[in-house]
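First the structure, in the form of structure tokens, and then the observations on it.
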Amino acid sequence: MIAIIKYNAGNVQSVQYALQRIGVESVVTDDIDTIYNADKVIFPGVGHAQFAMQYLRDKNLDKLIISLQQPVLGICLGLQLLCKHSEEGDTDCLGIFDTPIKLFASPVLKVPQIGWNNIYNYKSTLFDGLADEAFVYTVHSYYAALSEETTAVTDYVLPYSAALQQNNFYAVQFHPEKSGAVGETILKNFIQLP
Amino acid sequence: MLTKRIIPCLDIRDGRTVKGINFENIRDAGDPVELALLYSQQGADELVFLDITATVEKRKTLIELVKRVAANINIPFTVGGGISAVEDVAVLLQHGADKVSINTAAFKNPGLIKELSNRFGSQCIVLAIDTKKEADGEWYVYLNGGRTKTEAKTIDWANQAVALGAGEILLTSMNNDGTKAGFAVDITSLLSNQLSVPVIASGGAGTMQHFKEIFEEGNADAALAASIFHYKEIEIPALKAYLSAEKISIRL
């Protein structure tokens, strides 16, 4: 069973619909045991880092998430919360990734970045079967810097981490659940992880 | 590279797609979910659904539609029409909408923008502005689907809305809407160059060249159109191939 972590962030339902479209059953839950025992866990979300972290702490989901041993996929805010610290609300996050989250600063380009952009320099099985520089849908004002944990890169203002990986923790800044056929391939690759 | 977006808009009344000219003479244009699916398969970058009835008793129909769209299509979509409270937005997002667009209610109560962006994030709050150029050469804000004129200048309202937390501006020129004579390049360019958030240009698309023009000269981040797509006067794959050949950054 795939568990999608339910918390006070938007877009959780969209991930479940996307899994349905590729024929995968899932449950949206904040139940500690269900998440702990799931085959795989998806940690989605859009919203504000500080409010989301507070909610996770209140529900004891913060300790649960960092203890997970099965494959975990963070999406968008999920990726940012898995990092050590976010400039959004000067928030200490879960610390799975050592990568910092910073605010885009550009005199020219618009913030948030909204729309379809390429990913490249794939270094994860999540991206198996994709064409080079595949397009994904992305919406964000904060970004993960490049680091040794980077498994895909996107350019906006500067090159940043479109994806990160550390042991069983996978994370993408973009929205695979809204990225058409490319996103479906990435979700299938995650589902098929051992 | 971040690409320019092509956004088909579906005006919804009683759960059906409809299209009028200059906000009047409404005609039936098909089942919204079927059209949405077709557009997503053809390469549309996003979709917008505007509920033009949006009375309280019709809300349930709209929410059912949002659920069906979210279950069936794999690209982002925005829902608008008659949204006036935080609870309206919560319900739409919860059922799978990626963004909501607000218009009249935000103008009457600008604090709504701040409340929504604080709770849900700026990224899902699209401020829709219906605008008209008057004899004095200025672009003014109109409310209630274009029926009510205000004294507010469009650039001033847009600036205020962005300061309050609007994440995108959906700008519809009433002078151009339904004319198929091209988008309003001047006001789009003014907003796009001055605002820190993306601007979606709407109203007036008639040819593929109009899209090139609004991206290059209007500096729009996205272009929205309805009837030319519904009636297959322009097909999205051909439009995107044309724009790409014209060196506009496009997702193919």
Side-chain angles (χ1 to χ4, degrees), chain A residues 6 8-22 28 45-49 51-52 76-77 88 104-118 120 131 133-142 154-157 174-184 187, chain B residues 1-7 40-47 66-78 89-90 92-100 117-126 162 165-169 192-193 195-200 219 221-222 249-252:
Chain A
K6 177 180 168 183
N8 66 335
N11 249 23
V12 172
Q13 187 59 50
S14 303
V15 175
Q16 187 170 40
Y17 282 134
L19 291 177
Q20 269 172 25
R21 288 193 293 270
I22 59 170
V28 175
V46 291
H48 193 287
F51 300 131
C76 192
L77 183 62
E88 188 174 31
F104 279 131
S106 168
V108 186
L109 293 172
K110 295 179 178 182
V111 178
Q113 173 183 209
I114 299 183
W116 296 80
N117 202 333
N118 318 91
Y120 64 93
E133 309 206 347
F135 278 108
V136 292
Y137 184 78
T138 192
V139 180
H140 59 128
S141 299
Y142 292 81
T154 293
D155 294 343
Y156 191 72
V157 182
F174 53 87
H175 288 279
E177 76 279 13
K178 291 287 169 180
S179 293
V182 169
E184 284 171 4
L187 288 173
Chain B
M1 187 193 256
L2 187 68
T3 55
K4 302 286 190 184
R5 289 170 278 157
I6 301 294
I7 308 179
S40 65
Q41 288 161 352
Q42 287 183 336
D45 296 304
E46 269 182 62
L47 298 168
V66 167
K67 279 165 76 172
R68 281 178 63 216
V69 172
N72 285 290
I73 72 160
N74 57 12
I75 58 170
F77 69 101
T78 301
V89 174
L92 292 168
L93 295 178
Q94 193 187 319
H95 286 93
D98 297 286
K99 311 179 202 176
V100 294
S117 62
N118 281 346
R119 173 143 170 208
F120 305 107
S122 287
Q123 82 292 329
C124 66
I125 308 303
V126 180
V162 170
E168 267 181 298
I169 303 289
S192 190
N193 292 336
L195 301 176
S196 59
V197 303
V199 174
I200 305 165
N219 203 19
D221 299 281
S249 172
I250 280 286
R251 176 181 69 114
L252 290 176

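Sequence lines set the chain letters: A, B, ... in the order given, protein chains first and strands last, and positions in each chain run from 1. Hydrogens, waters and symmetry mates are skipped; everything else that's a heavy atom, side chains included, is used.
- Using a 4.5 Å cut-off between heavy atoms, E133(A) does not touch chain B at all.
- Of all heavy-atom pairs spanning N74(B) and A181(A), the tightest one is ND2-N, 4.0 Å.
- Heavy-atom distances place both the backbone and the side chain of S192(B) under 4.5 Å from chain A.
- Between chain A and the options Q123(B), Q41(B), Q94(B), K4(B), the largest number of non-hydrogen pairs under 4.5 Å is found for Q123(B).
- Looking at R119(B) and F51(A), their side chains never come closer than 4.5 Å, going by heavy atoms from C-beta outward.
- For S40(B), no part sits under 4.5 Å from any heavy atom of chain A, backbone or side chain.
- Side-chain N or O atoms of N118(A) include one that pairs as donor or acceptor with a backbone N or O of M1(B) at under 3.5 Å.
- For chain A, the nearby parts of R251(B) are the backbone and the side chain; heavy atoms of each come within less than 4.5 Å.
- Counting heavy-atom pairs closer than 4.5 Å to chain A, the top residue among G96(B), G167(B), G121(B), A71(B) is A71(B).
- Contact annotation: the side chain of W116(A) approaches that of P76(B) to within less than 4.5 Å [non-hydrogen atoms, C-beta and beyond].
- Annotation: residues 105-114 of chain A contacts chain B through K110(A), V111(A), P112(A), Q113(A), I114(A) [non-hydrogen atoms, separation under 4.5 Å].
- In terms of heavy-atom pairs under 4.5 angstrom with chain A, the leader among I73(B), D221(B), L252(B), D45(B) is D45(B).
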